[in-house]
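Got a structure for you, written out below as structure tokens; questions coming shortly.
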Protein chains: 2
Amino acid sequence: MPAKDKSIRPARRSSVTSSAATVRDVANLAQVSTATVSRTLNAPDLVRPEVRERVSNAIQKLGYIPNDSARALRQNQTRFIGVVVPTLSYALYADFYAAVEEQLSALGYFPVLSTTDYDLDVEAEQITRLSRQGAQGLILVGRVRSSRAASYLAATGLPFVSTYATDPLGRDGTIGFDNEAAINEVVNHLASLGHRRIAMLSGLRSNLNDRAIGRANGFISAVRKHGIASPDWIFEGPYTIESGRRALCALLDRGIDATAIVCGSDMLAIGGLQECKARGIRVPRDLSIVGFDDLEIAAHIDPPLTTVAVPSREQGRLAAQAIVDLCNGRQCPPNAVLPTHMVVRETTAGPGG
Amino acid sequence: MPAKDKSIRPARRSSVTSSAATVRDVANLAQVSTATVSRTLNAPDLVRPEVRERVSNAIQKLGYIPNDSARALRQNQTRFIGVVVPTLSYALYADFYAAVEEQLSALGYFPVLSTTDYDLDVEAEQITRLSRQGAQGLILVGRVRSSRAASYLAATGLPFVSTYATDPLGRDGTIGFDNEAAINEVVNHLASLGHRRIAMLSGLRSNLNDRAIGRANGFISAVRKHGIASPDWIFEGPYTIESGRRALCALLDRGIDATAIVCGSDMLAIGGLQECKARGIRVPRDLSIVGFDDLEIAAHIDPPLTTVAVPSREQGRLAAQAIVDLCNGRQCPPNAVLPTHMVVRETTAGPGG
DNA sequence: ACACTGGATGTAATCCATTACATCGGTGCT
DNA sequence: AGCACCGATGTAATGGATTACATCCAGTGT
């Protein structure tokens, strides 16, 4: 009896050091092979109930936790999807992410989030990081990205879907809504109320935020279409209340006497509203204001904000479904244009009340 | 010349199938061993510049991306930290997470987020999931958790820090602030303004949310201390505007004629304020209202909300630093009690104006 | 009684990067 | 010359789970 080699070596790891138990420890304790342990976990039907029981007990006793890195390495699949959004501080994206998380988890995947702070270079970094870490697919916001990111995605063939945008050509997967059309609807509405002097508070277009650009373009084209006001009455700022106030100040300082203001975001609108209040400008009597996004808060400020409801959660759900489909080889390049709709509350009226 | 075995086999993978390149492919192309490739990436000083150059070119040419699962498996470290928060829809946690992300990334780690929707059972699931996936440490919210989660953490010895709470005993790592003391300060302030009839709009305590419980306890003890009003004037609801409105209705329906209301969250306060406006109750003349958290929106509603500023971002930064320290074996059980401070705006005044 | 089938289980290769250890050529010292 | 040493590189073991393939055994059909 030279030595019971097999039973001695694993024992070292499972008892002496307290480092995590492995399949081998479990196998030894349950008197089976590692293959059987693995099968007990992943295909219980292939294992006799009696043996299954023994293995389960061993797992229990050792507090065995499978090592997902090893599994991912072997199976070449991590079941995680990278989700890259501009920020979570804007409630819209927080909701979007929540919907993504919910749907992915229902499909047996899970999200790994990262934020870019609206910086396309950061976005490119995050994309490569997520890819290296084994993301099986990506959910991105917007369709414009840095050339580095674009070529990386093309070169690796990593599946991804874009959101909050539309793709007129329908090549890549895109789940979103039409920013231009939505703003068009707003301008139409204001025009039908009789407004002829309409300005816009827009998000920053300089960093190639295509949602902001789309909304601004929608404004320009709509204003042209109606032959009203000036397409260059556009004031930009980040999506914060403070910046909305400043943008309204800038507008007034330039002596523009608009009767209505279209905003690229509810935050800008709320800021504008604040500034009006501070200056004694009555909304909607002296000035109509329309927001965008329909954040929870929009319904609860005074007066309740007229705005555009966007299908954030629905988008998140569909994007999650789409990326999982792509990962599983279903070739359908998912493409959806979801409807938006105006929610008319109390910050809009005809000019003069 | 039997065969150049070594150069033939890897070629199969790098050219025929288009699956990702590995160190071996790079090594072959650069005419070096895999060890040298690895060193070029992780310890360039050990490699002659000339060789380094060759390897870099090969990496470039093949679009080689290291497989992090393999690295994690071998090194037994993933450099990721699990972050478990109740929800992102509440802006406070979104900010917290942003600070965590920023600090972790500065330290060469990265966060993997998951949300619980305030459910401790879900929290337990997320904790085990993150652990299995290789989280090296966890950042959690609150100190109360399900027994399953608690015993799991104890059994595995996985490092973690709790936030948004304090640990009187200082055993575990806890980075937070004193909810009770903060509410105490609020009640003191109201009492010094002359209020004697004070009620509370609280978060739900039933699901063992220890922030809500701490704040409610603070209210009860402060009210007792001052010998004023009734400690059971507490109305609960989730942290939403809608629920704040309902809670205020419930309070009024019960015929309580409080002169001041302390809220467990700004959202509850905003809801209360809305309901006051709807019913013609003037704030602060007829009723003072104090929020909690000092969300961005608090300063921008009408009237601007008096509230308690909490150090969310600071907490996030410290928690990230602390968990990384713990992961690196520094034994200091981190413990910090950060200051909160009241921000007095325009929803508070003496009773009657 | 024999060959065969199929279910249950074991054996060992595999995924990919890292790294301990071995190797080799060259330098400097005695 | 001989020895120690060093820097650069290669060889091969390693981490943990999965899985293709081999093996064994009981049951079935003829």
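Convention: sequence-line order gives letters A, B, ...; per-chain numbering from 1.
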Item to check | For atom CD of A/Q133 and atom P of C/dA17, their distance in whole Å | outcome: 15 Å
Next on the checklist: Applying the side chain to side chain contact (heavy atoms under 4.5 Å, CB included) criterion to B/V37, which one of B/V55, B/N42, B/V51, B/T22 satisfies it?
Outcome noted: B/V55
Next on the checklist: Counting only side-chain heavy atoms from C-beta out, which of C/dG10, C/dT19, D/dA17 sits nearest to B/R74?
Outcome noted: C/dT19
Checklist entry - Side chain of B/V23: nearest nucleotide among C/dC16, D/dT19, D/dA17? => result C/dC16
Checklist entry - Expressed in angstrom and rounded to an integer, what is the separation of B/Q31 atom CD from D/dT9 atom P? => result 14 Å
Checklist entry - Rounded to the nearest Å, what distance is computed from the CG atom of residue B/L46 to the P atom of nucleotide C/dA22? => result 18 Å
Next on the checklist: Between P on C/dA17 and CD1 on B/I65, what's the gap in Å once rounded to a whole number?
Outcome noted: 10 Å
Checklist entry - Where does the angle between the aromatic ring planes of A/F80 and A/F110 fall among parallel (under 30°), tilted (30 to 60°) and perpendicular (over 60°)? => result tilted
Checklist outcome for this item: Separation of D/dG16 atom C1' from A/N42 atom CG, nearest Å, is 13 Å
Checklist outcome for this item: Between CZ of A/R71 and C1' of C/dT14 the distance, given in whole Å, is 16 Å
Checklist entry - Which is true for B/D68 with a 4.0 Å heavy-atom rule: it touches a base, it touches only sugar-phosphate, or it touches nothing? => result nothing
Next on the checklist: From the set D/dG16, C/dA12, D/dA12, return the single nucleotide nearest to any side-chain atom of A/T34.
Outcome noted: C/dA12
Checklist outcome for this item: Considering only heavy side-chain atoms of B/A70, the closest of D/dA17, D/dT18, C/dA17 is C/dA17
Item to check | Side chain of B/R48 (C-beta onward), nearest among C/dA8, D/dA17, D/dT9 | outcome: D/dT9
Checklist entry - According to a strict under-4.0 Å criterion, is A/S33 in side-chain N/O contact with OP1 or OP2 of C/dG10? => result yes
Next on the checklist: Under 4.0 Å, counting only non-hydrogen atoms across every strand here, what does B/N76 touch: a base, just sugar-phosphate, or nothing?
Outcome noted: nothing
Next on the checklist: In this structure, how many angstroms lie between the P atom of C/dC15 and the CG atom of B/N67, rounded?
Outcome noted: 12 Å
Checklist entry - Counting side-chain heavy atoms from C-beta on, which of D/dT9, C/dT11, C/dT18 comes nearest to B/R39? => result D/dT9
Checklist entry - Is B/V47 touching bases, backbone alone, or none of the nucleic acid, heavy atoms closer than 4.0 Å? => result sugar-phosphate
Checklist entry - When we call it a touch if two heavy atoms are under 4.0 Å apart, what does A/T36 touch: a base, just sugar-phosphate, or nothing? => result sugar-phosphate
Checklist entry - How many Å lie between CZ on B/R52 and C1' on D/dG7, as a whole number? => result 13 Å
Checklist entry - When all nucleic acid strands are considered with a 4.0 Å heavy-atom cut-off, which category describes A/S69: base, sugar-phosphate, or nothing? => result nothing
Next on the checklist: Whether B/Q75 contacts D/dG15 is assessed here as follows: a side-chain N or O lying under 4.0 Å from the phosphate OP1 or OP2. Is that the case?
Outcome noted: no
Checklist entry - Under 4.0 Å between a side-chain N/O of A/Y64 and OP1 or OP2 of D/dG16, yes or no? => result no
Next on the checklist: Please classify the nucleic acid contact of B/V37 as base, sugar-phosphate, or nothing, using heavy-atom distances under 4.0 Å.
Outcome noted: nothing
